[in-house]
Number of protein chains: 2
Amino acid sequence: MQLEIHNMAGYLIRRLNQISMSVFQERMKELGLTMTSVQFAAMYAVKANPGIDQARLAGVIAYDRATIGGVIDRLESKGLVERRVCDHDRRARIVSLTSEGDALLEKLVPLVRDFQDDILSGLSDVERAEFLRLATKAADAGNDLSRAPLILDKKA
Amino acid sequence: MQLEIHNMAGYLIRRLNQISMSVFQERMKELGLTMTSVQFAAMYAVKANPGIDQARLAGVIAYDRATIGGVIDRLESKGLVERRVCDHDRRARIVSLTSEGDALLEKLVPLVRDFQDDILSGLSDVERAEFLRLATKAADAGNDLSRAPLILDKKA
DNA sequence: CCTGAATAGTGTGTATACTTACTATTGATC
DNA sequence: GATCAATAGTAAGTATACACACTATTCAGG
C-alpha cells in the first residue's frame with residue numbers, strides 16, 4: 001500500500017534523516033562510542049574555528065542557541081570540550097577542544113568521511129554525486145526558511 | 001568559511017529536514033493551526049488505513065512504537081483522533097479520525113501537497129523531480145538501516 | 001555618561017525519536 | 001491445557017530542536 005505522503009519531499013527527507021542518524025549511531029556503537037552526529041559536527045566546527053563562542057558556533061552548523069547549549073553541556077561532561085568566559089565580552093563563552101576531544105576528533109574524521117556513502121547506499125556514484133549537488137543547492141536556497149539558518153563569514 | 005562537513009550527506013540531509021519542518025510549521029501557523037508534519041502524516045495514514053492499530057500505523061509511516069504513542073496522545077487531546085481497544089486482540093489499540101479530525105485532514109491535504117515544492121524552492125522543476133527520484137531510491141534502499149523501518153503490506 | 005536597543009547564554013516548556021524495561025495479552029507447542 | 005516466546009502498548013530516560021522569556025552584558029546615541 002503506497003500513500004501519497006510517501007512521495008512528498010518532506011516525508012522523504014525525514015526518512016533520509018532517520019537513516020542517516022541511524023548509520024552514524026551504528027558506526028559509533030561499533031567503535032564503542034556514544035557520539036551523535038550533532039556532537040561530531042559541533043566538535044568539528046570548534047576545531048575549525050579556534051576561539052569561537054557558542055552563538056557563532058551555532059551559526060556555523062545551523063543550530064539554534066538553546067540546542068547548542070545542551071550539546072556543549074554533554075560534550076563538556078564527557079570531557080571532550082571546555083567552556084570559558086570570553087575576555088573582551090563577558091556574555092560570550094569560548095568553546096575549545098580538550099586534548100582528549102582533539103584526539104578523538106582526529107580519529108573520527110576519516111571514519112565519518114568514509115561511511116557517508118553508506119547513507120546513500122542505494123545510489124550509484126553518479127547518482128550520489130547528483131543527489132549531493134541538488135541537496136546542497138536546495139539547502140542553500142532554503143537556508144533562510146529554516147529557524148536556525150547557517151550563518152557564515154560573520155567575522156574576520 | 002566552508003567546512004568539510006557542509007558537503008557531507010548527513011549534514012545536508014539534516015539541513016533539508018530543518019528547512020522542511022520549518023516550512024510546514026510556518027504554513028500551519030498561517031492557518032492558525034499547531035499541527036506538525038509528523039501529526040499530519042499520522043492522520044493521513046489513519047485515514048488511508050481504516051481500522052489500523054498503533055503498531056501497524058508506526059510501520060506505515062516509519063516511526064517507532066514509543067513515538068507513535070506520544071503523537072496519538074497529542075492528536076487525541078486535540079480531539080482529532082480516537083483510540084479504542086481492538087475487539088479480537090485486546091493488546092492492540094485501533095486508531096480512527098474523529099469527524100473534526102477528518103474534516104481538518106480533508107482541508108489540509110491539498111494545502112500540504114501544494115507547498116511541498118517550497119521545501120525545494122532552490123531547484124528547477126526538472127531538478128526537483130530528479131531529487132525526489134533519487135531521494136525515493138535512497139530511502140528505499142536504506143530502509144533497513146533505519147531504527148524504525150517502513151513496514152508495508154504486513155497484512156491483507 | 002546614561003539610557004535603551006541588541007546580544008549571549010540559560011531556563012522552561014513542547015514535540016519528535018530513539019532505547020530499555022515492563023505489563024498485558026496472544027499464540028504456538030508439547 | 002499449561003508453558004513460553006512473541007507482540008502491543010506504555011513508562012522512564014536520553015538527545016535533538018525549537019519557542020519564549022529572562023538575566024547579564026555590551027554598545028550606540030544623545
Side-chain angles (χ1 to χ4, degrees), chain A residues 10 14-15 17-26 28-29 34-42 52-59 61-78 83-95 146-149 151 154-155, chain B residues 10 14-15 17-26 28-29 34-42 52-59 61-78 83-95 146-149 151 154-155:
Chain A
R14 185 180 65 82
R15 284 294 291 137
N17 199 43
Q18 282 180 307
I19 291 165
S20 166
M21 306 232 287
S22 176
V23 167
F24 196 101
Q25 217 66 16
E26 203 60 41
M28 290 304 117
K29 202 173 179 181
T34 53
M35 168 94 31
T36 67
S37 54
V38 161
Q39 290 168 11
F40 171 79
I52 200 170
D53 60 67
Q54 289 186 202
R56 282 197 294 126
L57 177 57
I61 45 182
Y63 298 177
D64 76 304
R65 278 183 317 175
T67 299
I68 204 74
V71 173
I72 299 298
D73 279 348
R74 287 179 284 277
L75 287 174
E76 195 176 32
S77 73
K78 287 194 276 191
R83 230 189 302 226
R84 68 163 211 279
V85 175
C86 177
D87 290 333
H88 50 280
D89 185 346
R90 300 217 310 285
R91 293 170 303 181
R93 300 286 178 278
I94 305 298
V95 184
S146 136
R147 290 356 209 102
I151 303 169
K154 233 328 186 8
K155 64 124 215 173
Chain B
R14 184 181 66 82
R15 286 293 293 133
N17 200 43
Q18 282 180 305
I19 291 165
S20 166
M21 306 233 285
S22 178
V23 167
F24 196 101
Q25 217 66 19
E26 203 59 42
M28 291 302 116
K29 202 173 178 181
T34 53
M35 169 90 34
T36 67
S37 54
V38 161
Q39 291 168 11
F40 171 80
I52 200 171
D53 60 69
Q54 289 186 201
R56 281 198 292 128
L57 177 58
I61 46 182
Y63 298 178
D64 75 302
R65 276 182 319 173
T67 300
I68 204 72
V71 173
I72 299 298
D73 279 348
R74 287 179 284 277
L75 287 174
E76 195 176 33
S77 72
K78 287 195 275 190
R83 231 190 300 227
R84 68 164 210 279
V85 175
C86 176
D87 289 333
H88 50 280
D89 186 346
R90 300 216 313 284
R91 291 171 304 182
R93 301 287 180 276
I94 305 297
V95 184
S146 137
R147 290 352 209 110
I151 303 169
K154 217 8 179 340
K155 65 123 218 175

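Every heavy atom of this structure was used, including side-chain atoms; hydrogens, water molecules and symmetry mates were not. Naming convention: chains lettered A, B, ... in sequence-line order (proteins, then strands); numbering from 1 in each chain. If you're wondering where the values come from, they're calculated on a predicted model, not measured in any experiment.
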Interface polar pairs with nucleotides 1-4 of chain C, N/O, under 3.5 angstrom:
none

- [ ] Using whole Å, report how far CD1 of B:Ile72 lies from C1' of C:dA15.
- [x] 14 Å
- [ ] Mark up nucleotides 8-17 of chain D, 5' to 3', with B wherever a protein heavy atom is under 4.0 angstrom from a base atom, S wherever such an atom reaches only the sugar-phosphate, and - elsewhere.
- [x] BBS----SBB
Task: Partners passing side-chain hydrogen bond (donor to acceptor under 3.5 Å, both in side chains) against A:Ser146 (at least two apart in sequence or in another chain) - done: B:Arg15
- [ ] Could you tell me which residues satisfy side-chain contact (heavy atoms from CB on, under 4.5 Å) with A:Thr36, sequence neighbours excluded, listed by chain and number?
- [x] A:Gln25, A:Val38, A:Gln39
Open item on the list: Expressed as a whole number of angstroms, how long is the span from A:Ile68:CD1 to C:dG11:C1'?
Closed with: 17 Å
Task: By side-chain contact (heavy atoms from CB on, under 4.5 Å) - contacts of A:Ile94 (at least two apart) - done: A:Asp53, A:Arg84, A:Cys86
In residues 65-73 of chain A, what donor-acceptor pairs under 3.5 Å come from side-chain atoms, sequence neighbours left out?
residue : atom : partner : partner atom : Å
A:Thr67 : OG1  : A:Asp64 : OD1          : 2.4
A:Asp73 : OD1  : A:Arg83 : NH2          : 2.4

Task: Salt bridge B:Arg147-A:Glu26, side-chain N to carboxylate O under 4.0 Å - done: yes
Open item on the list: I'd like to check the salt bridge (Lys or Arg N to Asp or Glu O under 4.0 Å) partners of B:Arg90; sequence neighbours left out, ordered by chain and number.
Closed with: none
TODO: Grab the CD1-P distance between B:Ile61 and C:dC18 for me, whole Å please.
DONE: 11 Å
TODO: Check the distance between D:dC27's P and A:Arg90's CZ and give it to me in whole angstrom.
DONE: 11 Å
TODO: Send over the distance from A:Phe24 CZ to C:dC18 P, rounded to a whole Å.
DONE: 16 Å
Task: B:Ser37: partners by side-chain contact (heavy atoms from CB on, under 4.5 Å), with sequence neighbours left out - done: B:Met21, B:Phe24
Open item on the list: Rounded to whole Å, how long is the line connecting atom CD of A:Glu26 with atom P of C:dA17?
Closed with: 19 Å
Task: Side-chain heavy-atom pair A:Thr34, A:Lys78 within 4.5 angstrom cut-off - done: yes
